[in-house]
Q: 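Questions regarding the structure given below will be posed in turn.
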Number of protein chains: 2
Amino acid sequence: MSPKWDVLSRTCPSRTSLARIANKWTAMIVITLADGPQRFGGIREALDGISGKVLTSTLRDLERDGLLRRTAYAEVPPRVEYELTPLGHTLHGPLEALARWAEEHIPEVLEARDEFDGQAVRG
Amino acid sequence: MSPKWDVLSRTCPSRTSLARIANKWTAMIVITLADGPQRFGGIREALDGISGKVLTSTLRDLERDGLLRRTAYAEVPPRVEYELTPLGHTLHGPLEALARWAEEHIPEVLEARDEFDGQAVRG
DNA sequence: TCCATTGGTTACCTTGAGGTAATTGATTAC
DNA sequence: GTAATCAATTACCTCAAGGTAACCAATGGA
């Protein structure tokens, strides 16, 4: 389709972009926001274990790439909502597929690991 | 489907697995091997910029998870081939979709970045 | 009066990812 | 003889990712 871009090429911007979207936190955030806007605290709770600092910077990066929109309300205490942009929504399918792969194939992965580690000990 | 696994849960093994597959090098390697077996040097060349050490350890991790098979031939100089397992092939679709997303949407991403950075200067 | 609230930001530290360079080993070509 | 070959491994180094903890600001409620 577009021979201009190639993620395998070191200097191609799409490779940088791939690095951002092919990423644990990105996937989890996009999946969490797929159903609708969420507040900062809600995302943090959904992601179960991410630190505030990392969540802040990750959200900022995704906002910068146009994947989500940040809306801060002038209230006290602060209220900030994050929602996927249309561009961000187009990413949800592929990332959801990836997450579902991880969930569906985890038994095979765990079994492969056991076998590999067992052979390593014997070898 | 399988309520037993949840990538959003901190302690779920599938979350670790997601971290491995939602990863720049994993995506590029699986895509490279999708067309057939490749030798170590061939993969290294295709990935354009990866160091030997990192490629070795990444391939080892993927082998451990059952995504690819390593075949070493007792020749001199050594010849080692890597190929996707059936399990690895099931991962190709989702990762290819992700790579294609990066290539197809890079103009929008770059534009979003420009706008974001421009506003940051003004703000 | 004082504290909890919320979404940061900052300073500081630890961990790990990833790069470079040297070395291994048997054979072939020079 | 000896240089080149290929896939690793190892030691060593650097840099960035990411965690912790303290702090902030305006308001409402105890």
Side-chain angles (χ1 to χ4, degrees), chain A residues 7-8 10-11 15-29 32-33 37-65 68-83 116 119-120 123, chain B residues 7-8 10-11 15-29 32-33 37-65 68-83 116 119-120 123:
Chain A
V7 289
L8 293 183
R10 182 175 21 186
T11 57
R15 178 150 154 181
T16 312
S17 185
L18 178 66
R20 168 139 310 139
I21 63 176
N23 162 280
K24 179 180 65 163
W25 293 130
T26 297
M28 293 173 68
I29 290 174
T32 297
L33 291 180
Q38 288 261 334
R39 299 183 58 175
F40 182 89
I43 301 173
R44 183 173 188 174
E45 200 176 352
L47 262 50
D48 187 25
I50 192 173
S51 73
K53 180 191 150 193
V54 170
L55 180 54
T56 296
S57 72
T58 306
L59 288 171
R60 194 81 71 232
D61 287 342
L62 294 178
E63 185 194 3
R64 187 170 102 98
D65 280 6
L68 54 82
R69 172 165 17 259
R70 177 182 183 274
T71 309
Y73 298 91
E75 301 173 0
V76 169
R79 180 164 63 98
V80 181
E81 281 195 349
Y82 295 88
E83 61 178 334
F116 185 92
Q119 287 179 350
Chain B
V7 290
L8 294 182
R10 181 174 21 184
T11 57
R15 178 151 156 181
T16 312
S17 184
L18 177 66
R20 167 139 311 139
I21 64 177
N23 161 280
K24 179 181 64 164
W25 292 130
T26 297
M28 293 173 67
I29 289 175
T32 297
L33 291 181
Q38 289 261 334
R39 299 183 58 177
F40 182 88
I43 301 173
R44 183 174 188 172
E45 199 176 352
L47 262 51
D48 188 24
I50 193 173
S51 74
K53 180 191 150 194
V54 170
L55 181 53
T56 296
S57 71
T58 306
L59 288 171
R60 195 79 73 235
D61 287 343
L62 295 178
E63 185 194 3
R64 189 171 101 98
D65 279 7
L68 54 83
R69 172 167 15 261
R70 177 181 183 275
T71 309
Y73 297 90
E75 301 172 0
V76 170
R79 180 164 62 97
V80 181
E81 280 194 350
Y82 295 88
E83 62 178 334
F116 186 90
Q119 288 179 351

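Reminder, nothing fancy here: chain letters follow the sequence lines and each chain counts from 1.
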Q: OP1 or OP2 of dG7(C) versus the side-chain N and O atoms of Arg60(A): is any pair under 4.0 Å?
A: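 No, outside the criterion.
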Q: Arg69(B): what forms a side chain to side chain contact (heavy atoms under 4.5 Å, CB included) with it, not counting sequence neighbours?
A: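 Residues passing side chain to side chain contact (heavy atoms under 4.5 Å, CB included) with Arg69(B): Thr71(B), Glu83(B), Thr85(B), Pro86(B).
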Q: Closest approach of Asn23(A) and Thr26(A), non-hydrogen atoms and distance?
A: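 For Asn23(A) versus Thr26(A), the nearest heavy atoms are OD1-N, 2.8 Å.
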Q: Could you tell me how far apart Leu55(B) (CG) and dA8(D) (P) are, to the nearest whole angstrom?
A: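 Rounded to whole Å, this separation is 8 Å.
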Q: Hey, are the side chains of Ile21(A) and Asp65(A) touching, using non-hydrogen atoms and a 4.5 Å cut-off?
A: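 The answer is no, as the side chains (C-beta and beyond) never meet within the 4.5 Å cut-off.
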Q: Between Val7(A) and Lys24(B), is any pair of side-chain heavy atoms under 4.5 Å apart?
A: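 No, side chains not in contact.
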Q: Within the distance-only criterion (no hydrogens, no angle test), does the side chain of Thr32(A) pair as donor or acceptor with the backbone N or O of Ile43(A) below 3.5 angstrom?
A: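 It does not hold such a pair.
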Q: Whole angstroms only, please: what is the CG-P distance between Leu59(B) and dA7(D)?
A: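 Spelled out: CG on Leu59(B) to P on dA7(D) is 11 Å.
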Q: Between Arg39(B) and Pro78(B), which heavy-atom pair has the shortest distance, and what is it?
A: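 Scanning both residues, the minimum pair turns out to be NH2-O, 3.4 Å.
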Q: If I take atom CG in residue Asp61(A) and atom C1' in nucleotide dG18(D), what distance separates them, rounded to the nearest angstrom?
A: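 Going from CG in Asp61(A) over to C1' in dG18(D) covers 13 Å.
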Q: Find the distance Glu75(A):CD to dG8(C):C1' and express it as a whole number of Å.
A: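 One finds 16 Å between C1' of dG8(C) and CD of Glu75(A), rounded.
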Q: Roughly, in whole Å, what's the span from CZ in Arg79(A) to P in dG7(C)?
A: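 Those two atoms, CZ and P, are 10 Å apart.
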Q: Using heavy atoms and a sub-4.0 Å distance, could you list which residues of residues 38-46 of chain B are near DNA chain D? By number, please.
A: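 Nucleic-acid contacts, sorted: Arg39(B), Phe40(B), Gly41(B).
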Q: What integer distance in Å separates Asp48(A):CG from dG19(D):P?
A: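 Between P of dG19(D) and CG of Asp48(A): 12 Å.
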Q: Rounding to a whole Å, what distance do you find between Arg70(A):CZ and dT9(C):C1'?
A: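 About 12 Å, once rounded to whole Å.
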Q: Could you state the CD-C1' distance from Glu81(B) to dA8(D), rounded to the nearest angstrom?
A: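 After rounding, the gap between these two atoms is 17 Å.
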Q: Check step by step if side-chain contact (heavy atoms from CB on, under 4.5 Å) holds for Met28(A) and Leu18(B).
A: CA-CA 9 Å; Met28(A) 293 173 68; Leu18(B) 177 66; 4.1 Å; yes
Q: For a quick test of reading the model, state the closest non-hydrogen atom pair linking Tyr82(B) to Leu33(B) and the distance between them.
A: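 Heavy-atom minimum between the residues: O-CD2, 3.6 Å.
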Q: Can you give one letter per nucleotide of nucleotides 17-30 of chain C, going 5' to 3': B for a protein heavy atom under 4.0 Å from the base, S for sugar-phosphate only, - for none?
A: -BBB----BBS---
Q: Could I get the full list of side-chain hydrogen bond (donor to acceptor under 3.5 Å, both in side chains) partners for Arg44(B), not counting sequence neighbours?
A: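 In terms of side-chain hydrogen bond (donor to acceptor under 3.5 Å, both in side chains), with neighbours along the sequence ignored, Arg44(B) is linked to no residue.
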Q: Search all heavy atoms of Phe40(A) against all heavy atoms of Leu59(A) and return the closest pair with its distance.
A: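 Of all heavy-atom pairs spanning Phe40(A) and Leu59(A), the closest is CD1-CD1, 3.9 Å.
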Q: Looking across every strand, which nucleic acid part, if any, lies under 4.0 Å from Tyr73(B) by heavy atom: base, sugar-phosphate, or nothing?
A: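 If one applies the 4.0 Å heavy-atom cut-off, Tyr73(B) turns out to touch nothing in the nucleic acid.
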Q: Between N or O atoms, less than 3.5 Å apart, protein on one side and nucleotides 28-30 of chain D on the other: list the pairs.
A:
none

Q: Going by the side-chain hydrogen bond (donor to acceptor under 3.5 Å, both in side chains) test, which pairs reach into residues 45-64 of chain A, not counting sequence neighbours?
A: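 Qualifying pairs: Asp48(A)-Arg10(B), Arg64(A)-Asp117(B).
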